[in-house]
Amino acid sequence: MLFAAKGITKRFGGLTAVKDVDFTLEGGIAAIIGPNGAGKTTLFNVFTGLYTPDGGEVKLDEHSLIGLRPDEITALGVCRTFQNIRLFKAMTAIENVLVGMHARVELGLWDVLARGPRFRAVEGEAWRTARTLLERVGLGRQLHTEARHLPYGDQRRLELARALASKPRLLLLDEPTAGMTGSEARQLMGLLRGFVADSGLGIVLIEHNMRVVMEVSDRVTVLDHGEKIAEGTPREVQTNARVIEAYLGRRGAHSAAP
Amino acid sequence: MTRTLRIVSILLLAAAVAVVTVPMAGDAHGKGTIKVATQSPLSGGQAALGEGIKLGAQLAIDKLKGPLEKAGWKVELVPFDDQAKPDVGVANAKNIIADKDIMVVIGHLNSGVAIPSSEVYKEQTLAMISPANTNPTVTDRKLPNVSRVCGRDDVQGVVGSEFAKGQNAKSVYVIHDKTAYGQGIADFFKADAEKKGLKVIGFEGTEEKSNFDPILTPIKAKNPDLIYFGGIYDQGAPFFKQAREKGLKSKFMGPDGMDSSDLTKIAGKAVVGMYYTSAAGPASALPKAKSFVDEFKKKFSKNPEPYAAEAYDATAIALKAVEAAAKSGKVTREDVSAQIRKVKHSGITGDIEFDGKGDRKKALYFVLQVANEDPTKWGDNKIVKQLTIAPPAEKK
Amino acid sequence: MDVELLIGILPQVVIDGLILGFMYALIALGYTMVYGVLEFINFAHSEVFIFGAFVGVEIMLGLKSAGVLERFPWILVLVVVLLAGMLASALLAFTIERVAYRPLRHAPRLIPLISAIGVSFFLQDVIRLTESIWRNAFNLVYPTIESLNVRLEITETIDVSIKSLVVIVAALLMLWALHALVNRTKVGTAIRAVAEDQAAASLMGINVNRIISLTFVIGGAMGGAAGVLFGVQYGLINPYTGFIPGLKAFTAAVLGGIGNIPGAMLGGLVLGLLEAFAASYLSLLTGGAFGAEYKDIFAFSILILILIFRPKGLLGEVVRERA
Amino acid sequence: MRGARVIRRPLVAIPLSVLLLIVSGAAVASFPRSVLAFLLFQGAILFIYLAAMPGYLRAALLAVALLVMMPIIGAYNVYYLEIATQVGIFAALALGLNIVVGLAGLLDLGYVAFFAVGAYSWAIFGSPHANQIFGGGFPLAPGWFYLFIFVGLAVAALAGVLLGLPVLRLHGDYLAIVTLGFGEVIRVLANNLDKPINFTNGPKGITPINRPPVPFGLPYAEYSYFLVLLIVLVVIVVNRRLEDSHIGRAWEAIREDQVAAQAMGVPLVRAKLLAFACGASFAGVMGVVFAAKQVFINPESFTFLESIGVLAMVILGGMGSIPGAVLGATIVTVLNLQVLKGLSLWLNELKNAGVVILGYPLADLPTQLEPAKYERMIFGVILVVMMIFRPQGFLPARRRQREIEVTAEEHKTVTV
Amino acid sequence: MLRLDDVHVAYGEIPALKGVALEVREGEIVALLGNNGAGKTTTLRTISGLLVPMRGALTLDNQPLAGVPPHEIVRRGIAHVPEGRRIFNRLTVRENLTMGAYTRSDTVVIAGDLERVLTLFPRLQERITQVAGTLSGGEQQMLAIGRALMARPRLLLLDEPSMGLAPVLVEQIFETVRDINRQGTTILLVEQNAAMALAVAQRGYVIETGAIVLSGTAAELADNPEVRRAYLGE
């Protein structure tokens with residue numbers, strides 16, 4: 001099992017944001033869906049160490065992630081993007097990606113100050129990798145544009161590249177297509193499939209664009225009010241009555257069932 | 001970038017034009033100009049004392065420049081603000097030695113500024129006469145150009161303890177202000193008092209300026225016969241005032257930093273009967289001192305701060321030395337430095353003559369007692385004791 | 001070690017500490033009001049504070065030279081002087097905000113801080129310039145009001161002066177008034193709303209700029225009152241006097257949890273007591289090896305310790321960083 | 001507009017730079033006491049830095065200005081050399097603080113504490129004072145100074161880590177107040193550690209502090225200038241190397257968004273500690289140099305206002321910008337030591353010369369209005385005006401293209 | 001009453017709205033649909049004055065609104081329930097509600113309005129002295145709407161009122177929205193739950209990457225295959 005979370009519970013004051021949720025991934029692409037405020041992002045924050053859960057266990061390859069700092073979790077191979085895009089806005093695109101590589105750079109203070117051949121080799125390699133990554137997500141021409149000057153869709157792509165730069169085994173994407181046009185979103189999904197095929201990377205995505213979810217994901221987990229209410233293939237989930245009611249609304253259910 | 005560059009270019013152009021068109025005030029007439037520089041803090045928390053030094057020098061120049069002007073020299077004062085900061089003092093010092101007209105420096109207030117700055121003056125044997133730096137190190141370095149008209153911490157502390165002993169004080173409590181000046185005197189007071197068999201039941205420093213209650217509480221409980229405050233009046237006065245308000249009955253005493261009418265202005269009747277040591281006699285006893293205070297008040301419409309009289313004497317000595325040096329028709333800095341050591345001057349703070357290190361040969365010290373709570377009657381303070389003490393012999 | 005002496009002075013030390021603490025609390029209110037709303041350290045508050053003290057002393061000196069100071073009851077004089085000091089400092093704070101801070105509202109956090117430092121330098125020397133021309137003096141002395149200096153003896157060794165009681169009463173009154181204003185009135189609610197969420201507050205029809213000005217006015221008035229009381233209590237002020245108490249009061253505000261009004265009070269008292277204990281006891285406890293000169297180190301060390309264990313101050317809310 | 005564009009052309013800019021350098025040099029030589037002439041020279045250096053020209057030419061011109069002309073100017077007027085030296089000292093301090101505040105975004109209000117730590121480390125051992133602690137054998141020979149540059153570095157860095165470890169979890173203003181407290185603690189300790197054991201000699205300060213041996217019989221002022229210049233150059237190189245590495249990028253990432261930085265694998269505490277230690281070490285080195293240069297130190301050099309002054313330099317120059325920090329240090333120092341002083345001296349001269357302005361003789365100016373007394377007030381106004389009209393600083397940090405060139409070459413060599 | 005014409009808005013240099021045109025007539029409920037990031041919230045923020053358009057016309061009753069500060073726009077009769085509710089967490093429920101009526105000084109009428117809001121949301125009555133931060137998500141949403149109603153708006157801007165709410169509550173909220181509308185308040189509704197939104201609205205607009213791509217009556221939109229696929233999950 002690549003990634004397994006068991007019995008995750010997270011409370012904020014009196015509110016239980018996530019209640020006893022199990023989630024596993026062996027590979028491929030999984031989607032977590034649910035209405036806004038269902039607890040999806042909270043779950044991501046637990047997975048990446050930003051929140052410590054009130055209960056439950058998170059494991060990557062049998063390594064427990066509970067109690068680790070976010071940077072340690074990233075070093076182990078879990079990286080993410082953010083719902084509201086948290087790029088380093090004053091840094092250029094390529095610098096953003098280079099920061100993403102931080103955990104993989106094996107240089108000490110002395111290497112940096114001395115600028116020896118080792119430094120140049122490692123740094124050169126990092127720049128090449130960063131460039132390749134940016135080219136792959138379609139930002140090859142904007143390497144030296146400051147992140148804040150990029151259009152919304154490009155910022156999403158840059159965030160993806162930055163996350164990929166840490167060579168994750170598991171990539172968590174929070175609404176990767178928000179703010180993209182339909183064709184852009186499709187393109188991105190193709191890209192994600194490509195990454196999965198190339199490197200055996202596991203991807204979990206939170207997504208509202210149902211078209212995207214249905215097209216790209218191998219499995220779908222549905223959350224509502226912090227609880228998992230359904231799980232299965234896209235088709236299974238789409239026809240699940242409870243899902244239709246909770247997520248699409250009762251009227252949606254009426255009109256969706258001809 | 002372009003905009004920055006444009007602005008820089010315009011400024012450059014302006015500066016270039018100004019360099020060519022604004023002529024530096026050159027020496028106009030006669031044999032030239034003799035400048036006396038003062039260096040003291042003119043801004044920041046110690047500005048009042050620093051200004052006292054500047055004003056003392058200014059008064060002396062206005063009053064005593066006559067002979068030099070008759071001889072064809074123009075005499076000017078150049079005040080510098082050292083901000084009580086050593087790095088600023090050193091930069092000013094370099095600026096001063098670069099001005100060939102400056103023949104003597106009157107300063108500084110802070111030993112911390114005086115010591116590094118005098119290292120700079122030394123390079124050109126530019127004379128510095130200190131009105132206020134009582135720290136022994138100032139002259140113990142034996143620089144040929146550095147002299148001081150004020151006493152030394154070690155001497156004044158001894159004067160204080162000598163007197164305290166005579167007053168039958170058995171237990172004393174010593175407070176100081178954590179400055180080189182205050183702590184220096186307090187240290188010597190304590191050491192000498194213990195040697196003389198007085199019981200020092202407390203010794204503390206504080207940077208506090210306003211609220212002395214917490215310090216006074218244990219003092220009150222210990223009830224010493226005498227409290228000695230090593231520091232300046234603006235801290236001492238509130239301290240003594242609050243002490244009396246708190247019901248302390250001890251006798252009060254302090255060094256020459258207390259010698260200001262502001263002491264009574266701030267502390268009022270609390271300090272009536274308090275003792276302080278000083279090298280400057282009271283106006284009532286010494287006619288010279290009286291006329292100095294009167295003239296100072298007339299010119300600047302306020303009472304002289306501590307060190308104003310010392311600055312006046314220092315400037316007077318400087319002018320005498322310059323006159324002596326000018327007899328050859330040409331004034332050099334080395335000359336002036338050498339002449340200063342030869343001057344015998346009868347000033348407001350007594351007869352001044354320097355020894356080989358630049359200390360006063362024999363200094364006359366007074367112990368005075370505050371007579372009246374009215375600040376305008378500061379001059380009425382009585383001399384209760386006079387002591388003539390030479391600077392301590394060289395220690396090895 | 002004289003244990004009897006140590007215990008004997010304890011009540012007096014506590015009283016001394018409380019008085020000092022209330023003084024810090026009063027000054028701290030100005031910092032905390034502004035910080036609570038703008039999350040900005042108003043470095044110039046120490047000058048706002050000392051400006052109030054100067055206005056107060058000028059009025060008292062004026063009354064004195066007119067020969068009326070002794071003829072009016074001291075309460076009346078005190079109230080008049082307090083009000084004048086508050087008004088003057090409030091106006092000053094208002095002007096500072098308009099001129100030096102408002103244009104920088106949306107700049108990165110450090111920018112207004114530097115502007116505030118500039119204002120602080122400027123004001124110190126403006127006060128000095130004015131006073132040196134007007135009175136030809138650097139230190140100004142508050143005229144003594146005899147009735148305020150009377151000391152009430154609690155026991156033979158413990159006493160407290162009327163003016164110290166005035167400080168405590170005034171501080172409590174002002175804290176209460178401020179607390180009531182902020183918590184019980186519509187305008188106070190608006191202040192809290194703006195503090196929490198400026199955009200949402202503007203959607204309620206609240207003129208955010210006006211509320212921010214008001215905050216400065218209130219903070220300034222508190223500073224002015226503290227300035228007058230400071231002058232009355234300690235007697236001597238100069239243009240730079242405000243700096244150290246300002247720094248300490250700011251520390252007190254942080255200690256209590258900056259932005260929090262009861263926190264400013266608590267922080268002030270804790271700091272005041274710590275200082276009093278250190279100044280009174282350090283020398284006695286260490287046999288003179290360490291003395292009152294360590295009181296600031298002691299106070300700052302405790303501050304650092306408290307913040308390590310309670311990173312948002314004693315009463316500050318620990319707000320979770322949301323991802 | 002057009003004028004500016006012309007200057008952007010190397011063909012115009014290069015001869016203009018050379019001309020400026022020559023003119024300003026000549027101006028200082030013919031009016032050695034003119035503040036404006038020296039300002040012109042400084043302006044020429046800034047112009048060379050900004051104007052369009054090939055890098056090697058710029059380096060050459062700057063080298064001529066700083067290595068050849070500046071010492072010669074110093075021979076005409078030592079005061080200017082002193083200013084240049086102090087600019088260097090503060091530039092190094094500003095560069096150190098720039099790492100902490102500008103790059104890593106941690107507000108440090110007690111930075112001068114590290115300067116003090118460095119200064120005292122040499123002051124104690126480089127003067128007879130250490131005899132009071134260890135009994136005898138001191139001062140160390142002047143040559144030890146060079147070792148103590150590294151001791152100062154290490155001790156200050158250690159102090160940075162010791163302070164950082166407990167407090168770096170604090171956010172924003174809480175961190176600021178703790179660093180402020182730390183700065184005060186260090187100063188008060190320096191002021192009080194004369195008893196029970198006399199480590200610092202308290203307020204009386206330590207003197208005489210040994211100066212390093214001067215090679216080639218240079219005058220000490222010149223030597224001290226070159227030493228400071230060398231250290232500043234090293235600091236700039238170190239700064240740039242840090243900035244253009246994963247470490248510098250991690251710092252900037254932390255400043256921009258701490259949470260995202262951590263999520264991208266940046267260990268926050270370690271990165272912040274490193275920032276603290278690096279910043280502190282520069283101050284430590286300069287402390288050692290400062291102690292030797294001054295011959296005397298006492299706690300008055302290390303007050304809170306000094307920390308604020310250095311912070312103002314960083315922000316005036318432009319946060320996170322290396323040239324900005326240097327320019328900021330220059331502006332503040334030159335303003336404080338030279339321009340404002342020059343202004344008040346000039347007014348004083350007018351006064352002594354009996355100049356009459358609008359029918360009012362300057363000589364009658366009351367002593368309260370002595371220009372020298374209001375330098376800080378003017379400085380305050382300048383700070384406020386600067387923040388309002390140019391909040392990003394004079395030379396704001398900008399994303400650089402130079403890495404591209406470096407790596408593009410790398411690319412070729414590796415792939416071939 | 002409200003009209004947007006070719007409105008362009010940018011965050012810094014990134015354009016967020018690229019020529020939005022829409023209209024809300026007196027008495028209507030109008031739904032604005034679109035994916036996250038499409039520009040729905042930006043549109044509302046522009047109307048309420050939190051953002052200033054770079055160009056384009058924005059009018060209320062033919063009076064220009066662009067550049068008018070938000071607190072003034074509230075006085076003109078537009079209340080905005082922002083995304084994420086943005087209630088004042090540290091204020092009590094009652095204080096939150098009184099803040100809603102900040103622009104008004106007619107105490108008696110305000111008291112009546114408070115009554116009205118509390119009848120509309122009885123849950124708030126129970127929690128009236130509680131600090132708002134401790135309310136549940138649904139209660140917070142009620143508070144946010146109630147607070148906006150306290151301004152007696154003529155036009156109410158609702159941003160995702162169903163966010164994070166249980167289906168029962170969603171039903172209830174939309175029921176209330178309808179009530180409010182019936183009592184004479186015009187409503188512009190941004191909603192992710194397209195089915196729900198189209199069920200209460202009379203007309204709707206679909207926004208995509210900063211521009212309106214579709215508009216029509218609620219029924220037309222609900223039947224549009226493109227809409228059904230994108231927003232109704234078919």
Side-chain angles (χ1 to χ4, degrees), chain A residues 45 48-50 69-76 78-82 85-92 94-109 111-115 119-128 130-131 143-147 159 162-163 165-166 168 172, chain D residues 103 105 157 234-235 237-271 273-275 277-278 281 319-321 392 396-415:
Chain A
N45 287 342
T48 52
L50 289 175
R69 292 193 312 266
D71 55 286
E72 291 170 328
I73 292 176
T74 305
L76 282 175
V78 180
C79 204
R80 69 175 293 180
T81 66
F82 293 88
I85 309 188
R86 298 181 83 151
L87 286 168
F88 308 120
K89 293 197 177 60
M91 298 172 84
T92 61
I94 197 158
E95 283 175 320
N96 266 281
V97 177
L98 287 167
V99 171
M101 288 178 196
H102 192 90
R104 304 281 167 249
V105 177
E106 284 165 356
L107 287 174
L109 181 60
D111 293 312
V112 168
L113 295 182
R115 295 259 152 139
F119 174 85
R120 270 175 286 161
V122 174
E123 187 79 354
E125 177 62 34
W127 279 76
R128 270 193 303 283
R131 193 194 311 260
L143 295 184
H144 300 288
T145 310
E146 282 177 44
E159 224 196 354
R162 184 180 70 173
S166 70
L172 308 176
Chain D
L103 291 182
V234 171
V235 166
V237 169
V238 168
N239 238 319
R240 278 180 83 145
R241 292 192 166 181
L242 285 171
E243 201 182 355
D244 296 339
S245 73
H246 66 291
I247 297 174
R249 291 190 295 265
W251 286 336
E252 287 186 62
I254 289 174
R255 186 190 63 198
E256 294 248 345
D257 187 334
Q258 189 161 311
V259 174
Q262 199 178 19
M264 292 306 119
V266 176
L268 288 185
V269 170
R270 207 187 314 158
L273 272 184
L274 192 62
C278 285
S281 61
M319 284 224 295
S321 149
Q392 74 275 36
R398 45 188 65 242
R399 312 274 24 118
R400 304 153 307 270
Q401 296 269 325
R402 65 171 178 278
E403 301 95 326
I404 321 162
E405 289 135 30
V406 174
T407 43
E409 281 165 38
E410 281 290 318
H411 206 70
K412 270 179 236 152
T413 52
V414 176
T415 43

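Values in this document were obtained by computation on a predicted structure and should not be read as measured data. Residue numbers start from 1 in every chain, and the chains themselves are labelled A, B, ... in the order their sequence lines are given, proteins ahead of strands.
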Flag side-chain contact, heavy atom, 4.5 Å: A:Leu113 against D:Val238: yes
query: What part of A:Ala114 gets closer than 4.5 Å to chain D, counting heavy atoms only: side chain, backbone, both or neither?
result: backbone
message: Counting heavy-atom pairs closer than 4.5 Å to chain A, which one of D:Ser245, D:Ala250, D:Ala253 comes out on top?
response: D:Ala253
message: Rounded at 0.5 Å granularity, tell me how far CZ in A:Arg115 sits from CZ in D:Arg241.
response: 5.5 Å
- line: Closest heavy-atom pair, D:Ala263 versus A:Cys79, reported as atoms and distance to 0.1 Å, is O-SG, 3.9 Å
message: Holding to side-chain contact (heavy atoms from CB on, under 4.5 Å), I want the full list of residues that pass it with D:Ala277, two or more places apart in sequence or in another chain.
response: D:Ala157, D:Val161
query: With a 4.0 Å cut-off, would you call A:Glu123 and D:Arg249 a salt bridge?
result: yes
- request: For A:Asp71 and D:Leu268, work out which heavy atoms get closest and say how close.
  value: OD1-N, 4.5 Å
task: Could you tell me which portion of A:Leu109 (side chain, backbone, both or neither) has an atom closer than 4.5 angstrom to a non-hydrogen atom of chain D?
output: both
- request: Identify which of D:Gly265, D:Pro267, D:Ala271 forms the greatest number of heavy-atom pairs closer than 4.5 Å to chain A.
  value: D:Gly265
- prompt: For A:Ile73, which residues count as a side-chain contact (heavy atoms from CB on, under 4.5 Å) partner, sequence neighbours excluded?
  reply: A:Leu65, A:Leu68, A:Val78
Sidechain-backbone polar pair: A:Arg86 side chain, D:Val259 backbone, donor-acceptor under 3.5 Å: no
- prompt: Does some side-chain heavy atom of A:His102 sit less than 4.5 Å from a side-chain heavy atom of D:Met264?
  reply: no
statement: Ranked by heavy-atom pairs below 4.5 Å to chain D, first place among A:Leu107, A:Thr81, A:Thr48 goes to A:Leu107
query: Where the side chain of D:Gln262 meets the backbone of A:Arg69, is there a donor-acceptor pair that is under 3.5 Å apart?
result: no
query: If we only count heavy atoms from C-beta on, is the D:His246 to A:Val112 side-chain gap below 4.5 Å?
result: yes
Least distance between heavy atoms, D:Asp244 atom then A:Phe119 atom: O-CZ, 4.1 Å
